[in-house]
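Report on the structure given below.
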Amino acid sequence: MVVRTTVLTMDLSPEMQQLALNLTAAAARNSAQLVTDKVKSLRAGKRTDETIAGLEQIISELIDDKAELTRIAQSYQSELVAQRLTPGDVTYIADTVLPILEKLAEAQGGLKGQAFKKSVDDLRPLLSAETATVLQLLGFNFRRAVGEPLTTLAEQAILARVNRSEDLKLAELRREQLYLQVALDEEAFGRLTQLYGKG
């Protein structure tokens, strides 16, 4: 028996891809035809001790594979549950985020504030438990569609600040080096002291 599995790498996370590969390997290892062939082969040999030992090994392998399949199923379930928003999650997000967005719109004021407020009002129906449930049943992944871009934006903002901080430190170091060069050059030091009125 040949087990064929198509893994869509674009739609699956690396964890899900690995689970799919493990599932394929477990299914191929002890397919019904393979087990039947092993049992027939063992029964063809006339040695009772070898047949019993072989059957015990087959049973042990099947039990191990059952445990692995159970672990894979639990991992699949964990991955799928981690991607779904519960109605409580949606309600919490709506009750927390929408008022903040409305305050930002009010603070912005003017036409931009009004446009932003309209966008928030348009977003409100999407953040209902019923709509979220229907969208998730259709395959929409809120965490991936909204959470990952927000995570990326936050990461970029943090990295930009870190890079600016490093650039600032480099500029300060260059300034200190220039001060030292000026201090070692008498003419340059004289001009600097005259410039600042201390000469």
Is it possible for you to say whether [X] and [Y] belong to one hydrophobic cluster, with membership spreading through side-chain heavy-atom contacts below 4.5 Å?
X: L192; Y: L178; result: no
X: I93; Y: V134; result: no
X: L195; Y: V182; result: yes
X: V97; Y: L135; result: yes
X: I52; Y: V39; result: no

Does K117 reach the side chain of D121, with side-chain heavy atoms less than 4.5 Å apart?
yes
Measure the spacing between [atom1] of [X] and [atom2] of [Y] and express it to the nearest 0.5 Å.
X: R191; Y: D185; atom1: CZ; atom2: CG; value: 6.5 Å
X: T86; Y: Q136; atom1: OG1; atom2: CD; value: 8.5 Å
X: T70; Y: K66; atom1: OG1; atom2: NZ; value: 5.0 Å
X: D64; Y: L69; atom1: CG; atom2: CG; value: 11.0 Å

Expected output: side-chain S60 to main-chain E56 donor-acceptor under 3.5 Å
no
Under 3.5 Å donor-acceptor, T91 side chain and P87 backbone
yes
Criterion side-chain hydrogen bond (donor to acceptor under 3.5 Å, both in side chains) on D122 and S119, from CA distance to verdict
CA-CA 5 Å; D122 291 343; S119 296; 5.5 Å; no
[X], [atom1] atom: more than 12 neighbouring heavy atoms under 6.0 Å:
X: L111; atom1: CG; value: no
X: E186; atom1: CD; value: no
X: F189; atom1: CZ; value: no
X: E172; atom1: CD; value: yes

Which atom names give the shortest non-hydrogen contact between [X] and [Y], and what distance separates them?
X: P99; Y: A94; result: CD-O, 3.5 Å
X: F116; Y: L104; result: CE2-CB, 4.0 Å
X: A132; Y: V90; result: CB-CG2, 3.5 Å

Check whether the side chains of Q177 and Q181 place a donor and an acceptor atom closer than 3.5 Å, and report yes or no.
no
Step by step, work out the side chain to side chain contact (heavy atoms under 4.5 Å, CB included) result for T36 and K40.
CA-CA 6 Å; T36 302; K40 284 181 183 176; 3.8 Å; yes
Go through it in stages, so that I can follow the logic: the residues are E68 and I72, the test is side chain to side chain contact (heavy atoms under 4.5 Å, CB included), and I'd like the CA-CA distance, side-chain angles, deciding distance and then a yes or no.
CA-CA 6 Å; E68 183 175 357; I72 290 170; 4.0 Å; yes
